[in-house]
Protein chains: 2
Amino acid sequence: MSFELRATQALKLLHDFGFGLVHDQAPDLSLRQLAVLLTVYLERPPHTVRGLAAKLKVTKPVITRALDTMGRFELLTRRRDPSDRRNVIVQRTVKGALYVERLGDLMAAKARNLPR
Amino acid sequence: MSFELRATQALKLLHDFGFGLVHDQAPDLSLRQLAVLLTVYLERPPHTVRGLAAKLKVTKPVITRALDTMGRFELLTRRRDPSDRRNVIVQRTVKGALYVERLGDLMAAKARNLPR
DNA sequence: CGAATTCGTTACGGAGGCGTATTGTTCCCT
DNA sequence: AGGGAACAATACGCCTCCGTAACGAATTCG
């Protein structure tokens with residue numbers, strides 16, 4: 001099992017994947033929002049607004065708004081940190097987990113159809 | 001050279017890739033715009049507004065606007081079809097080719113760092 | 001030739017994005 | 001306790017996006 005993905009194959013994968021998402025009427029997230037979502041689901045908690053902003057090198061309102069939007073889709077939730085009530089902890093949701101899982105499956109499926 | 005990309009690996013790849021793009025201050029394109037761009041650069045010409053709209057299952061103004069935006073970044077150009085002057089042909093640009101190439105390279109690089 | 005069709009674009013009202021600057025809480029520290 | 005720092009959210013003005021509907025230009029067809 002190797003991952004020697006040539007650039008041309010990577011492009012086709014990206015194309016097919018993006019196509020699948022647009023085609024499926026999935027919420028049209030921006031690359032930034034996607035990066036936030038995947039960070040929360042792939043990296044180790046806890047995730048704060050400040051931490052996410054620093055990690056992505058964007059301003060805090062960008063994160064707040066991304067959480068607003070994706071929260072509306074129920075892909076994420078916010079919770080106040082009990083130990084330091086200034087902080088907001090970003091949490092996963094069932095819907096979000098399913099959505100992320102679908103992303104992975106879709107991409108893996110598209111990778112399977114790549115020409116050698 | 002195989003492409004058995006597991007879903008979890010696909011997600012990490014997507015995460016790293018999105019991260020790289022956001023980090024590099026690349027124009028924050030939406031998934032739709034990315035799909036349009038890659039279609040033009042990967043599929044065989046000619047590409048018309050109508051054709052792209054049909055292929056992506058979106059309305060024509062969506063394509064027009066995507067061309068406006070990416071045209072501003074000089075990633076694409078429009079040209080009137082001489083043989084049927086109702087049509088607009090979407091064409092590649094040097095900047096666009098470089099940008100797309102960079103996308104492929106970035107993704108291939110991220111794939112190389114994937115855990116087995 | 002004139003009417004109907006086919007293009008891409010534009011207009012419109014509404015929604016959401018941006019960065020900067022400000023606000024309200026909560027915590028820290030002396 | 002009280003002043004300052006840290007945090008997330010909000011306000012602001014501006015820009016881009018959306019879908020629906022209307023539009024002008026070009027072509028096709030009767």
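Reminder, nothing fancy here: chain letters follow the sequence lines and each chain counts from 1.
Checking A:Arg86 against B:Thr48, the closest nucleotide of DNA chain C that is more toward the 5' end is the one next to B:Thr48.
Listed in residue order, the members of residues 57-76 of chain B having a heavy atom less than 4.0 Å from DNA chain C are B:Lys60, B:Pro61, B:Thr64.
As rounded to whole Å, 13 Å separates atom P of C:dT9 from atom CG of B:Asp81. Rounded to an integer number of Å, the gap from CG of B:Asn87 to C1' of D:dT28 is 13 Å. Across the protein-nucleic acid pair, A:Arg80 atom CZ and D:dC7 atom P stand 12 Å apart, rounded to whole Å. In this structure, the CZ atom of A:Arg50 is 14 Å from the C1' atom of D:dA9, given to the nearest Å. Nucleotide D:dC7 holds its C1' atom 17 Å from the CZ atom of A:Arg79, rounded to whole Å. B:Leu31 places its CG atom 14 Å from the P atom of C:dG17, with the value rounded to the nearest Å.
Checking B:Thr39, B:Leu103, B:Val100 one by one against A:His15, the side chain to side chain contact (heavy atoms under 4.5 Å, CB included) holds for a single residue, B:Thr39.
A donor N or O paired with an acceptor N or O is not found under 3.5 Å between the base of C:dT25 and the side-chain atoms of A:Arg85.
No donor-acceptor distance shorter than 3.5 angstrom exists from the side chain of A:Arg32 to the backbone of B:Val22, with no hydrogens or angles considered. No donor-acceptor pair under 3.5 Å is formed between the side chain of B:Thr93 and the backbone N or O of B:Thr77.
Picking from D:dA9, C:dC27, D:dC17 the nucleotide with the shortest atom distance to the side chain of A:Asp84 gives C:dC27.
Transitive grouping of hydrophobic side chains (ILVMFWY, heavy atoms separated by less than 4.5 Å) brings A:Val58 and A:Val90 into a common cluster. Two different hydrophobic clusters hold A:Leu56 and A:Ile89 under the rule that ILVMFWY side chains link at heavy-atom gaps under 4.5 Å.
For CZ of A:Arg50, the number of neighbouring non-hydrogen atoms (other residues, nucleotides, ligands) closer than 6.0 Å is 12 at most.
For A:Lys12 and A:Asp16, the salt-bridge test passes: some basic side-chain N is under 4.0 Å from an acidic carboxylate O.
In this model, the phosphate group of C:dG17 is approached by a side-chain N or O of A:Gln33 to a distance below 4.0 Å at OP1 or OP2. Taking 4.0 angstrom as the limit, A:Arg32 places a side-chain polar atom (N or O) nearer than this to OP1 or OP2 of C:dG19.
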